[in-house]
Novice: 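I have a structure I would like to understand better, so I am pasting it below and will then ask my questions one at a time.
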Amino acid sequence: SPNAQKTNLGIIRLYLRARTGVRISAEDMSEKITIPVDENEREEYPLTLEQFQQIYDKTTILRRKVKYLFMRDTGCRTIESIQITKKMIEFGYDKSGIARVKMPKKIVKGKTKSRINFLTPETAKMVKQLSENLDENSPIFVDLNGTSNFMMRKAIEVHAFWNTRETLVKEGFSEFAEKHESGTRKILMHSIRAFTATAITKGNSNNESLGHGYIGHKKYLEQYIRRTEAEQLEIFKNAIPFLTGITKE
């Protein structure tokens with residue numbers, strides 16, 4: 001990470017001074033070495049609906065395909081998605097078939113607020129089928145094989161996304177190869193989350209605070225969660241055409 005690189009460079013400067021007497025100023029370091037921007041501080045780069053569909057179509061494992069739909073609908077982070085259990089989902093929450101997802105504080109980043117999100121009827125149906133034979137507290141989208149090492153499972157899921165992205169690059173979809181100035185790819189797993197925020201924003205009169213609040217960005221979360229669940233549901237319904245590309249008469 002960028003912070004680790006800064007720390008290592010500081011250690012190297014101290015080592016050189018102690019062992020060789022060479023003193024390197026911070027100015028000299030900044031002229032010769034560029035530390036990449038911290039990805040956590042950078043605005044997330046959103047997928048388009050078409051790009052999401054390409055990732056989805058190229059993914060061959062059903063559980064992972066359904067997880068991507070879940071992430072698209074909820075805007076959750078990878079580490080959150082792999083901890084989702086059946087207990088957190090209320091299927092048939094709305095007469096249209098929309099499901100409600102309540103993420104507890106223990107799995108939400110920062111662990112300061114639980115979060116309410118929703119699933120489209122199509123996604124809810126697939127998640128329900130996938131979790132049909134699971135108990136209430138078993139993760140739906142990953143098989144832990146007797147371990148609770150979620151960070152390891154997160155790494156596996158991230159690398160699977162990268163592999164799918166690189167397959168699309170090899171097939172000539174050059175937009176998946178685009179990079180930031182730091183050299184990192186623009187399209188990452190977080191791009192699904194950014195797509196969700198964009199869709200919620202577009203569906204609600206381009207209100208960015210609702211888009212960011214829905215996916216749990218701390219700066220906007222209070223504005224979102226102060227609304228009633230009925231209002232939150234309406235915000236989601238407004239965004240469904242932008243999330244799925246499906247419009248109804």
Side-chain angles (χ1 to χ4, degrees), residues 44 46-49 51-94 96-104 106-109 114-144 150 153-161 164-165 187-200 203 211 213-217 224 232-233 235-237 239-246:
E44 294 164 351
L47 288 173
T48 64
L49 179 58
Q51 288 168 343
F52 174 83
Q53 193 62 48
Q54 288 173 304
I55 291 285
Y56 179 83
D57 290 342
K58 278 293 172 192
T59 302
T60 56
I61 298 174
L62 177 61
R63 183 181 283 187
R64 189 167 287 140
K65 288 171 79 77
V66 179
K67 179 171 71 72
Y68 287 160
L69 292 175
F70 183 95
M71 293 175 72
R72 179 202 67 183
D73 289 1
T74 63
C76 68
R77 300 169 176 87
T78 307
I79 192 64
E80 294 167 348
S81 72
I82 61 177
Q83 296 181 77
I84 294 294
T85 65
K86 191 160 56 173
K87 186 178 180 180
M88 300 173 192
I89 305 173
E90 183 180 343
F91 296 105
Y93 174 75
D94 179 74
S96 68
I98 287 174
R100 185 189 74 157
V101 181
K102 186 170 184 180
M103 297 185 201
K106 67 180 181 179
I107 75 166
V108 174
K109 183 180 179 182
S114 60
R115 199 164 82 240
I116 300 290
N117 296 110
F118 302 96
L119 301 177
T120 61
E122 295 79 13
T123 301
K125 183 178 179 180
M126 294 178 74
V127 174
K128 188 175 183 179
Q129 290 173 344
L130 189 65
S131 61
E132 193 171 14
N133 296 320
L134 297 175
D135 65 48
E136 293 291 301
N137 297 304
S138 294
I140 295 173
F141 301 114
V142 294
D143 184 358
L144 295 177
F150 284 107
R153 291 302 315 185
K154 174 189 173 182
I156 291 170
E157 292 303 307
V158 169
H159 278 89
F161 181 90
T164 303
R165 180 192 61 198
I187 292 178
L188 305 168
M189 186 86 86
H190 254 31
S191 297
I192 299 176
R193 177 173 159 80
F195 166 58
T196 308
T198 302
I200 297 290
Y214 179 78
I215 68 171
H217 277 162
Y224 176 73
Q232 293 174 358
L233 178 60
I235 288 166
F236 179 74
K237 284 183 175 180
I240 288 176
F242 298 93
L243 283 167
T244 66
I246 300 171

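Throughout, residue positions are numbered sequentially from 1 according to the sequence presented.
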Novice: Determine which pairs satisfy salt bridge (Lys or Arg N to Asp or Glu O under 4.0 Å) with at least one residue from residues 65-79, sequence neighbours left out, and list them in order.
Specialist: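 Qualifying pairs, neighbours excluded: K67-E157, R77-E80.
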Novice: Which residues pass the ring pair (Phe, Tyr, Trp, His ring centres under 6.0 Å) test with F70, sequence neighbours left out?
Specialist: F141
Novice: Pairs in or reaching into residues 125-136: which pass salt bridge (Lys or Arg N to Asp or Glu O under 4.0 Å), with residues at least two apart or in two chains?
Specialist: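 Applying salt bridge (Lys or Arg N to Asp or Glu O under 4.0 Å) to every pair that reaches into residues 125-136, excluding sequence neighbours, yields nothing.
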Novice: Whether the side chain of R115 engages the backbone of V108 through a donor-acceptor N/O pair (distance < 3.5 Å, no angle test) should be reported.
Specialist: no
Novice: Which residue pairs satisfy the side chain to side chain donor-acceptor pair (under 3.5 Å) criterion with at least one member in residues 54-63, sequence neighbours excluded?
Specialist: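 Only Q53-D57, K58-E171 qualify under side chain to side chain donor-acceptor pair (under 3.5 Å).
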Novice: For R153 versus D143, what's the shortest heavy-atom pair and its separation?
Specialist: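 For R153 and D143, the tightest heavy-atom pair comes out as NH1-O, 3.7 Å.
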Novice: Can you confirm whether I200 sits close enough to I235 that some side-chain heavy atom of one is under 4.5 Å from a side-chain heavy atom of the other?
Specialist: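 A side-chain contact exists here, since the closest heavy-atom pair is under 4.5 Å.
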Novice: Would you say the side chain of Y68 lies within less than 4.5 Å of the side chain of T123, judging by non-hydrogen atoms?
Specialist: no
Novice: Which pair of non-hydrogen atoms, one from T198 and one from P46, has the smallest distance, and what is that distance?
Specialist: OG1-CB, 3.8 Å
Novice: To the closest 0.5 Å, what do you measure between CD1 (I240) and CD1 (I98)?
Specialist: 4.0 Å
Novice: Return the minimal non-hydrogen interatomic distance between S114 and P104, and the atom names on each side.
Specialist: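 Shortest heavy-atom separation between S114 and P104 comes out as CB-CA, 4.2 Å.
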Novice: Are the side chains of R165 and L188 in contact, using a 4.5 Å heavy-atom criterion?
Specialist: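 SC-SC contact between L188 and R165 confirmed.
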Novice: Under the side chain to side chain contact (heavy atoms under 4.5 Å, CB included) rule, collect the residues that match up with A197, sequence neighbours excluded.
Specialist: I215
Novice: Return the set of residues passing salt bridge (Lys or Arg N to Asp or Glu O under 4.0 Å) with K237 (not counting sequence neighbours), or none when no residue passes.
Specialist: D94
Novice: Under the rule for ring pair (Phe, Tyr, Trp, His ring centres under 6.0 Å), what residues qualify as partners of F195, not counting sequence neighbours?
Specialist: none
Novice: Got a sec, which residues hit side chain to side chain contact (heavy atoms under 4.5 Å, CB included) with A99, two or more places apart in sequence or on another chain?
Specialist: I89, F91, L119, A124
Novice: Do L49 and F242 have side chains that approach each other closer than 4.5 Å (heavy atoms only, starting at C-beta)?
Specialist: no
Novice: Is a side-chain donor or acceptor of S131 paired with a backbone partner of L134 at a separation under 3.5 angstrom?
Specialist: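 No; judged by distance alone, with no hydrogens or angles, the pair does not exist.
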Novice: Measuring from atom CD of Q83 to atom CE of M88, what distance do you get when rounded to the nearest 0.5 angstrom?
Specialist: 7.0 Å
Novice: Nearest 0.5 Å, what's the CD1-OG distance between I192 and S81?
Specialist: 8.5 Å
Novice: If you look at every heavy atom in I116 and Y214, which pair is closest and at what distance?
Specialist: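 Taking every non-hydrogen atom into account, O-CE1, 4.4 Å.
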Novice: Find the distance between NZ (K102) and NZ (K87) and round it off to the nearest 0.5 Å.
Specialist: 11.5 Å
Novice: Which heavy-atom pair separates T85 from I140 by the least distance, and what is that distance?
Specialist: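 Between these two residues, the closest heavy atoms are C-CD1, 3.7 Å.
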Novice: Of all residues at least two apart in sequence or in a different chain, which pass the side-chain hydrogen bond (donor to acceptor under 3.5 Å, both in side chains) check with Y93?
Specialist: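 By the side-chain hydrogen bond (donor to acceptor under 3.5 Å, both in side chains) rule, Y93 matches E229.
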Novice: Any side-chain heavy atom of V66 sitting closer than 4.5 Å to one from Q129?
Specialist: no
Novice: First locate atom CD of E122, then atom OG1 of T244, and finally report the distance between them rounded to the nearest 0.5 Å.
Specialist: 6.5 Å
Novice: Determine yes or no for a side-chain-to-main-chain donor-acceptor pair under 3.5 angstrom, with R100 supplying the side chain and F118 the backbone.
Specialist: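 Flag not set: sc R100 to bb F118 has no pair under 3.5 Å.
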Novice: For T196 and T74: C-alpha separation, side-chain torsions, deciding distance, then whether side-chain contact (heavy atoms from CB on, under 4.5 Å) applies.
Specialist: CA-CA 7 Å; T196 308; T74 63; over 6 Å; no
Novice: Which heavy atom of P139 sits nearest to which heavy atom of I82, and what is that distance?
Specialist: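 Where P139 meets I82 most closely, the heavy atoms are CB-O, 3.5 Å.
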Novice: Are K154 and V142 close enough, and set up right, to give a side-chain contact (heavy atoms from CB on, under 4.5 Å), and what steps lead you there?
Specialist: CA-CA 9 Å; K154 174 189 173 182; V142 294; over 6 Å; no
